[in-house]
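Structure record follows, encoded as structure tokens.
All heavy atoms count here, side chains included; hydrogens, waters and symmetry mates do not.
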Amino acid sequence: TEREQSRRIKLRHLLLLLLRTALIACVVFAAARPVASVGVGAYHPPTALGLIVDNSLSSGAVVDGRRVVERLAARARETVRQLTEQDRLWLVLADGVPRRLGRSQALVVLDSVTPSHRRLDLGGAVRALAAVVSRDPLPEREVVVLSDLQRSAWSAGETPNIRVLAWTPGLALANRSIDSARTEPAVWSPRGAVVATLGGPPGGGGPAALRVSLDDLELARGVGAPGDRVVLEVRAARRGWFAARLSLDPDELRADDDWYLGIRVAEPVAATAEAGAGRYVQAGLAVLQEGGRATAGNAVVLADRVAGGRAVVFPPADPARVGAVNRALAARGLSAQYGDRLDGEWQVRGDIGPADGIAVRRRLRLNGSGTVLARAGAEPWLVREGDLVLVGSRLDEEWTALPLSAAFIPFLDLLVNRIAAGEAQVVAASPGDVVTLPPGADAMLTPAGPVRAQGDRRLTAPLDPGVYFLRSEAGDTVGALAVNHDPRESQLQPVDARILRATLGPTAQLLGERALDRELFTGARRAELSGAFLVLAMLAGVLELTVA
């Protein structure tokens with residue numbers, strides 16, 4: 001009996017020793033805050049994380065009563081809150097600039113993020129951010145893209161050397177938009193037209209109303225559907241420079257329902273065409289005069305010689321007279337000169353309206369330092385220097401296809417009323433673009449005051465769409481900068497996994513909500529075990545008391 005009692009006491013003491021040892025060990029382990037790689041939880045290896053939050057123009061679309069940018073910002077905040085002190089974060093917004101931010105700084109930025117009028121090239125942004133993140137010494141690196149994932153935003157380029165996780169919010173939205181608009185002719189006198197192209201999926205939403213407003217006064221109205229080309233006839237009440245707005249019936253994405261136009265209303269130019277300019281030029285100018293787009297006079301002379309004042313000079317029909325024309329140009333103090341005759345096939349490209357892309361079969365090489373307005377292939381074809389405009393080809397059927405095309409009269413109108421008459425251009429730009437101002441323009445007028453151009457006449461377009469008039473050094477209005485949305489931002493069709501991998505390589509993944517949570521931080525997230533060890537310590541304590 002004594003031996004059995006002794007054995008029971010020894011076993012009880014051994015059990016008490018084990019329970020008390022386990023209790024102390026569990027408390028120590030809990031204090032050490034251990035973690036385990038279990039694929040869930042808040043802990044993960046130290047990670048250099050690049051986060052793209054796409055707040056470009058398309059993020060302003062409203063789905064189920066909530067803007068897309070609000071969904072993206074909320075998901076971004078969830079990701080940022082999972083960062084630890086060992087992690088590093090770079091944040092990219094619609095401007096495409098990587099910012100090194102702490103967790104609290106990033107949350108402040110995300111709380112105030114709103115849709116921008118910029119367009120974000122997601123392909124370029126991912127590659128730029130991946131290049132920054134890949135240089136970080138932390139063991140894990142990845143880029144997370146939170147966007148509506150427009151297919152039109154993914155440009156091709158080099159494959160990033162780190163993995164890319166793109167979250168798809170699963171939104172489907174049909175959108176109507178104004179993809180482009182222009183004035184015809186370039187200078188109204190005082191009648192003109194606004195020609196608009198509407199974008200969107202075929203049949204998406206049906207027809208919608210279009211309105212042209214000048215100084216908040218509605219001047220014309222029309223109807224169009226996605227894919228239509230709509231012409232609105234307008235008559236201006238007075239002459240000068242005006243800011244016009246073309247408006248489309250609003251839909252879920254409001255930012256692409258307006259288009260801004262700078263309009264110049266002026267008297268038709270007084271022009272004459274000499275016989276040396278050719279029969280097509282003479283006949284075309286007569287058509288412009290009959291239609292009220294030009295008047296009789298010598299303000300602009302179209303000829304194959306260097307006339308006094310403003311003139312448009314064509315190559316002489318007699319090659320022996322080219323030297324005389326060059327000597328007359330030099331006598332005017334101009335560097336422009338006619339060179340060798342060239343025969344071949346070129347397409348004309350430049351700011352020449354409907355004539356862009358017209359075929360040229362014969363031309364004279366244009367030498368000198370004048371302003372090149374159009375090129376035939378890679379060489380100058382239309383050059384302006386001083387009060388003269390030099391054309392590289394005669395406008396007849398042996399030299400170019402232009403006289404026999406529908407673009408001839410509009411081109412002649414453009415040549416006479418805007419280029420030769422010295423009318424400044426309306427420069428088109430997207431928000432944030434770097435633009436070059438036309439000759440004579442010194443500054444851009446904004447609500448905050450004039451912004452002067454740099455020495456090369458370059459400046460950055462404002463981020464807010466609208467018309468910004470251009471001023472000369474003498475204080476005259478000499479042009480306008482029309483800032484409008486990039487039509488690619490209106491194309492809301494989402495990218496698919498195949499296109500994503502073709503753009504960014506096989507490591508790019510297109511993920512839903514749960515899949516992103518699983519794959520974040522290299523998919524090796526860890527759970528803290530302190531709570532489990534505390535529970536085990538309490539259990540060991542209860543058993544110890546029972547045994548004791």
Between [Y] and [X], is there a side-chain donor-acceptor contact under 3.5 Å, judged purely by atom types and distance?
X: D442; Y: S472; result: no
X: S393; Y: T400; result: no
X: R88; Y: T47; result: no
X: E385; Y: T371; result: no
X: S155; Y: D121; result: yes
X: T197; Y: D179; result: no
X: E218; Y: S213; result: no

Treating [X] as the side-chain partner and [Y] as the backbone partner, does any N or O pair qualify as donor plus acceptor under 3.5 Å?
X: D433; Y: V435; answer: no
X: N484; Y: S430; answer: no
X: N55; Y: V113; answer: no
X: R375; Y: A378; answer: yes
X: R135; Y: A130; answer: no
X: R384; Y: I419; answer: yes
X: Q150; Y: Q491; answer: yes
X: D136; Y: V133; answer: no
X: E252; Y: N175; answer: no
X: H485; Y: W259; answer: no

Determine whether more than 12 heavy atoms belonging to other residues, nucleotides or ligands lie under 6.0 Å from atom [atom1] of [X].
X: E78; atom1: CD; answer: yes
X: R498; atom1: CZ; answer: no
X: R191; atom1: CZ; answer: no

Next on the checklist: Check this for me, if you would: do R103 and D87 make a salt bridge, where the nitrogen-to-carboxylate-oxygen distance has to be below 4.0 angstrom?
Outcome noted: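 So R103 does not pair with D87 through a salt bridge.
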Identify the two heavy atoms, one from [X] and one from [Y], that lie closest to each other, and give their separation to 0.1 Å.
X: S335; Y: S369; value: OG-OG, 2.8 Å
X: V63; Y: R71; value: O-NH2, 2.9 Å
X: I358; Y: S405; value: CD1-OG, 3.8 Å
X: R67; Y: V62; value: CG-CG2, 4.0 Å
X: E233; Y: G192; value: OE1-O, 3.5 Å
X: A443; Y: L437; value: N-CD1, 4.4 Å

Item to check | L91: which of L49, V80, V109 passes side-chain contact (heavy atoms from CB on, under 4.5 Å) | outcome: V109
Counting C-beta onward and ignoring hydrogens, is there a side-chain heavy-atom pair between [X] and [Y] closer than 4.5 Å?
X: L504; Y: W154; value: yes
X: L253; Y: L57; value: yes
X: I52; Y: L129; value: yes
X: Y468; Y: L445; value: no
X: F521; Y: E142; value: yes

Working to the nearest 0.5 angstrom, can you tell me the gap between [X] [atom1] and [Y] [atom2]?
X: D54; Y: R118; atom1: CG; atom2: CZ; result: 13.0 Å
X: E489; Y: R119; atom1: CD; atom2: CZ; result: 6.5 Å
X: S116; Y: L463; atom1: OG; atom2: CG; result: 6.0 Å
X: N161; Y: R141; atom1: CG; atom2: CZ; result: 8.0 Å
X: D256; Y: I178; atom1: CG; atom2: CD1; result: 8.0 Å
X: L516; Y: T168; atom1: CG; atom2: OG1; result: 11.0 Å

Next on the checklist: Is there a salt bridge (charged side-chain N to carboxylate O under 4.0 Å, His left out) between E158 and R127? Walk through the geometry before answering.
Outcome noted: CA-CA 7 Å; E158 294 183 2; R127 284 184 284 272; over 6 Å; no
Checklist entry - Parallel under 30°, tilted from 30 to 60°, perpendicular over 60°: which one fits the rings of F411 and W381? => result tilted
Item to check | Worked verdict on V187 versus L414 for side-chain contact (heavy atoms from CB on, under 4.5 Å) | outcome: CA-CA 8 Å; V187 180; L414 182 75; over 6 Å; no
Checklist entry - Taking it one step at a time, do V231 and R229 satisfy side-chain contact (heavy atoms from CB on, under 4.5 Å)? => result CA-CA 7 Å; V231 180; R229 179 178 177 271; 3.9 Å; yes
Checklist entry - Run the salt bridge (charged side-chain N to carboxylate O under 4.0 Å, His left out) check on E267 and R239 step by step: do they pass? => result CA-CA 8 Å; E267 290 287 353; R239 292 171 175 80; 2.9 Å; yes
Next on the checklist: Using the rule given for salt bridge (charged side-chain N to carboxylate O under 4.0 Å, His left out), can you reason through R349 versus D356, listing the C-alpha separation, both sets of side-chain angles and the distance that settles it, and then say yes or no?
Outcome noted: CA-CA 5 Å; R349 298 293 184 188; D356 190 58; 3.3 Å; yes
Next on the checklist: side chain to side chain donor-acceptor pair (under 3.5 Å) for S58 and D148? Distances and angles first, verdict last.
Outcome noted: CA-CA 8 Å; S58 61; D148 55 5; 2.7 Å; yes
Checklist entry - Going through the checks in order, is the side-chain contact (heavy atoms from CB on, under 4.5 Å) test met by D249 and R176? => result CA-CA 9 Å; D249 279 349; R176 287 191 307 257; 4.2 Å; yes
Next on the checklist: Could you check whether R363 makes a cation-pi contact with W346, meaning its NZ or CZ is under 6.0 Å from the centre of the six-membered ring and within 45° of the ring axis?
Outcome noted: yes
Item to check | F242 vs V467, side-chain contact (heavy atoms from CB on, under 4.5 Å): CA-CA, chis, key distance, verdict | outcome: CA-CA 9 Å; F242 300 97; V467 176; over 6 Å; no
Checklist entry - Under the salt bridge (charged side-chain N to carboxylate O under 4.0 Å, His left out) criterion, do D486 and R488 qualify, and how do the steps go? => result CA-CA 5 Å; D486 191 311; R488 291 172 291 184; 2.8 Å; yes
